[in-house]
Amino acid sequence: MPVADRRHGLDVARRLLEAGIDDGDVLGAALLHDAGKGRRLRLWHRIGGVLLAAVSPRLLQRLADPDPASSGYPWYLFVHHEVLSARLAREAGLSERAAAFIRGESSPTDASLAAALGRADDAS
């Protein structure tokens, strides 16, 4: 993971710990939730991806190409980073529950945990 993504994961985990959340699956998900972005996703892809997702999601989908040799691959990483990150997290030994958090398929049911997760990711 690029330094900025590692720093972001550490910041999210720290905020969770400060909020009293020490669930290993949640902390593991916090650390690896952006692992799938890789090194090819540049800052301008991130900014452009957010803008395209808001203005023209169909164009963003058309730009996304799963071929790592293509110029559209960074857009693919942007669009699919949750699934890719969850896969990498599982390969690194995290639980399926942690991977589900990363994919956004599962969310904590405890209101304070959900609030802390929202604050933690927004603050970074």
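FYI, side chains are in, hydrogens and waters are out, and symmetry mates aren't considered; it's all heavy atoms of this structure.
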Linked, directly or transitively: [X] and [Y] (ILVMFWY side chains, under 4.5 Å):
| X | Y | answer |
| --- | --- | --- |
| Trp44 | Val79 | yes |
| Phe101 | Ile21 | yes |
| Leu31 | Leu17 | no |
| Leu51 | Leu59 | no |

Side chain proximity check, [X] to [Y], heavy atoms < 4.5 angstrom:
| X | Y | answer |
| --- | --- | --- |
| Asp25 | Leu94 | no |
| Leu63 | Leu52 | yes |
| Trp75 | Leu60 | yes |

Inset, instruction - Indicate yes or no: does Arg7 engage Asp34 in a salt bridge with an N to O separation below 4.0 Å. - result: no
Legend entry - Electrostatic pair Asp5:Arg46 at N-O distance under 4.0 angstrom: yes
Inset, instruction - Classify the angle between the aromatic ring planes of Phe78 and His81 as parallel (below 30°), tilted (30 to 60°) or perpendicular (above 60°). - result: tilted
On a heavy-atom basis, which atom in [X] and which in [Y] lie closest, and how many Å separate them?
| X | Y | result |
| --- | --- | --- |
| Ile102 | Ala86 | CG2-N, 3.6 Å |
| Leu41 | Pro74 | CD1-O, 3.1 Å |
| Tyr76 | Leu84 | CE2-CD1, 4.2 Å |
| Leu16 | Val26 | CD1-CG1, 3.8 Å |
| Ser85 | Ala35 | OG-N, 3.2 Å |
| Ser95 | Ala98 | OG-N, 3.1 Å |

Legend entry - salt bridge (Lys or Arg N to Asp or Glu O under 4.0 Å): pairs with one or both residues in residues 75-93, sequence neighbours excluded: Arg90-Glu96
Inset, instruction - Please say which of His8, Arg6, Lys37, Arg39 ends up in a side-chain contact (heavy atoms from CB on, under 4.5 Å) with Met1. - result: Arg6
Inset, instruction - May I ask you to decide if Leu77's main-chain N or O and His80's side chain share a donor-acceptor pair within less than 3.5 Å? - result: no
